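Remarks on the structure that follows.
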Amino acid sequence: MRGPYLFPVLRGQKVTALRVCDASSAPSPESTSFGAIALQCERHALLCYCPVRYLLHPHGSTFGRWGGTTATLPFRAILCEVEDLEDWLPITAGAHWSHHVASTPCPMGELLAEAPQLVKTEDADDWRLAFRFTGRRQLLLLRIAACNRLQFVPAEADWAG
């Protein structure tokens, strides 16, 4: 099931950095999960974090869907201008943020072909964010429910529960 496209200003922007907070291990394409992640582009940044890890009242971001219904991500997603990103990072209660992580599956230097889109399989409990890059590469940002962490996975991979 596909929901609306979110944050349309990200469309066509080049990914310049992927900043992570509270990584589960040394970053690697196969296994790294994060408490929070910031996809930094040329003009804007998308900050996503698991509110259960950092906030007293943990609620994900809710978005309107066609037909008057809503979809709630199991994590928060906030768009800001790149210049304001440093002001948003303390939202994770002082946890350490990396400055650049290049070994994750996120394609540094590639353009976002579309704005991120809400997606969900029929058997999944949670909504995810789908990212499509030039060169037909697709990634999903999802929450691993067992440990309340975020993970980028190729769209072809099995989704974590």
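Position 1 is the first residue of the sequence; numbering continues from there. Predicted model only: the values in this text are computed from it and were never measured. Below, all heavy atoms of this structure are taken into account, side chains as well, without hydrogens, waters or symmetry copies.
- Scanning all heavy atoms of the two residues, the minimum distance from R2 to A130 falls at NH1-CB, 4.5 Å.
- For T70 (side chain) and T62 (main-chain N/O), no donor-acceptor pair under 3.5 Å exists by modelled atom type.
- Legend: residues meeting side-chain contact (heavy atoms from CB on, under 4.5 Å) with R65, ordered by chain and number and at least two apart, are M1, P4, T69, A71, W127.
- Residues A115 and R11 come closest through the heavy atom pair N-CB, 3.9 Å.
- Separation of atoms CD (E83) and CZ (R43) is listed at 10.5 Å; rounding is to 0.5 Å.
- When atom types are taken as modelled, the side chain of Q40 and the backbone of R19 share no donor-acceptor pair closer than 3.5 angstrom.
- Panel note: side chain Q117, backbone G3; a donor-acceptor pair is recorded below 3.5 Å.
- A heavy-atom distance below 4.5 Å is found between the side chains of P116 and L10.
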- side chain to side chain contact (heavy atoms under 4.5 Å, CB included) between L46 and I78, worked out: CA-CA 6 Å; L46 181 61; I78 300 168; 6.0 Å; no

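- Expressed to the nearest 0.5 Å, how far CD of E110 lies from OG1 of T134 amounts to 5.0 Å.
- In this structure, G35 and R149 approach most closely via the heavy-atom pair N-NH2, 4.2 Å.
- Taken together through direct or relayed side-chain contacts under 4.5 Å among Ile, Leu, Val, Met, Phe, Trp and Tyr, L39 and V9 form part of one hydrophobic cluster.
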- Could you walk me through whether V82 and E42 pass side chain to side chain contact (heavy atoms under 4.5 Å, CB included), step by step? CA-CA 7 Å; V82 169; E42 296 166 301; over 6 Å; no

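- A distance of 11.0 Å separates OG in S61 from CG in L79, rounded to the nearest 0.5 Å.
- Note that the CG atom of L18 and the CD1 atom of I37 stand 4.0 Å from one another [nearest 0.5 Å].
- No side-chain heavy atom of D126 sits under 4.5 Å from any side-chain heavy atom of K120.
- Annotation for F75 and Y49: closest pair CB-O, 3.3 Å, computed over non-hydrogen atoms.
- What you find for G12 and L111 is that their closest heavy atoms are O-CD2, 3.5 Å.
- Residues L118 and L129 have side chains in contact (heavy-atom distance under 4.5 Å, counting atoms from C-beta outward).
- The two residues L141 and C48 make their nearest non-hydrogen contact at CD2-SG, 3.6 Å.
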